[in-house]
Amino acid sequence: QVQLVESGGGLVQAGGSLRLSCATSGRTVSDYVMGWFRQAPGREREFVAAKSWSLYISRYADSVKGRFTISRDSTKNTVYLQMNTLKPEDTAVYYCAASTGTVVTGSPSGYGYWGQGTQVTVSS
């Protein structure tokens, strides 16, 4: 069992940066495939980024490649999503997710554990 708690969301101007945190309890983050997803009002939840440190595999949505980076602090059992050059279309609730599987998937159905979400709003 793992619990995920996101933080770090807020209001930022276009072109700015935010770093989201996902604190995990239970096993070390290296034991999971960790993902970030987002959901804007009226839209389906969409994949943002995912990584497996044990498999050395990262995936990013095309819309965030080169702007967002997923990382970890093993000592804090925390995963981060660094978001740079933010755009208004990045506005959404961002969710951290964990999978005990071995596939670094962009499908929400591949993740069994979810945080409560944190709001990110980018103003133009």
Would M34 and T24 count as a side chain to side chain contact (heavy atoms under 4.5 Å, CB included) if you check the C-alpha gap in whole Å, the side-chain angles of each, and the deciding distance to 0.1 Å? CA-CA 10 Å; M34 298 299 299; T24 69; 4.0 Å; yes

Under the side chain to side chain contact (heavy atoms under 4.5 Å, CB included) criterion, do T100 and R27 qualify, and how do the steps go? CA-CA 10 Å; T100 56; R27 291 147 60 184; 4.1 Å; yes

Minimum-distance pair of heavy atoms, taken over all atoms of [X] and [Y]:
X	Y	value
G115	Y95	O-CD2, 3.7 Å
V120	L20	CG2-CD2, 3.9 Å
A50	V104	CB-CG1, 3.7 Å
S123	L11	CB-CD1, 4.3 Å
Y32	Q1	OH-O, 4.1 Å
G9	T118	N-OG1, 3.2 Å

Short side-chain to backbone donor-acceptor contact, [X] and [Y], under 3.5 Å:
X	Y	result
E6	Q116	yes
Y60	I70	yes
S99	G110	yes
N77	V29	yes
T91	V122	yes

Would you compute the distance between atom NZ of K87 and atom OG of S124 and round it to the nearest 0.5 angstrom?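 K87 NZ to S124 OG: 14.0 Å, rounded to 0.5 Å.
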
Taking atom CZ of R38 and atom CZ of R43, what is their separation to the nearest 0.5 Å?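 With rounding to 0.5 Å, CZ (R38) is 8.0 Å from CZ (R43).
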
Check whether [X] and [Y] end up in the same hydrophobic cluster, where Ile, Leu, Val, Met, Phe, Trp and Tyr are linked by side-chain heavy atoms less than 4.5 Å apart.
X	Y	answer
M83	V79	yes
L4	F47	no
L81	Y111	no
I57	W53	no
V93	Y113	no

Going by atom types only, do T105 and S107 share a side-chain donor-acceptor pair under 3.5 Å?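 Result is no, nothing qualifies.
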
Should Q39 and P108 count as side-chain neighbours, where that means a heavy-atom distance under 4.5 Å?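 No, their side chains stay 4.5 Å or more apart.
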
Test item: Y80 and C22 side chains (from C-beta on) under 4.5 Å apart, heavy atoms: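 A side-chain contact under 4.5 Å is absent here.
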
Heavy atoms from other residues, nucleotides or ligands near CD of Q119 exceed 12 (cutoff 6.0 Å):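 Enclosed.
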
With the threshold set at 4.0 Å, does a side-chain nitrogen-carboxylate oxygen contact exist between K65 and D62?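 The answer is yes: the pair qualifies as a salt bridge.
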
Could you check S54 against S30 for side chain to side chain contact (heavy atoms under 4.5 Å, CB included), going step by step and ending with a plain yes or no? CA-CA 6 Å; S54 61; S30 299; 5.5 Å; no

Just checking, R45 and F37: is the charged tip under 6.0 Å from the six-membered ring centre and within 45° of the axis?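 Output no; distance or angle outside limits.
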
Would you call the rings of Y94 and F68 parallel, tilted or perpendicular if under 30° counts as parallel and over 60° as perpendicular?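 The arrangement is tilted - the two ring planes meet at 30° to 60°.
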
Working note: K51 + R72, criterion side chain to side chain contact (heavy atoms under 4.5 Å, CB included); need CA distance, chi angles, decisive distance, verdict. CA-CA 10 Å; K51 186 161 186 170; R72 67 172 176 175; over 6 Å; no

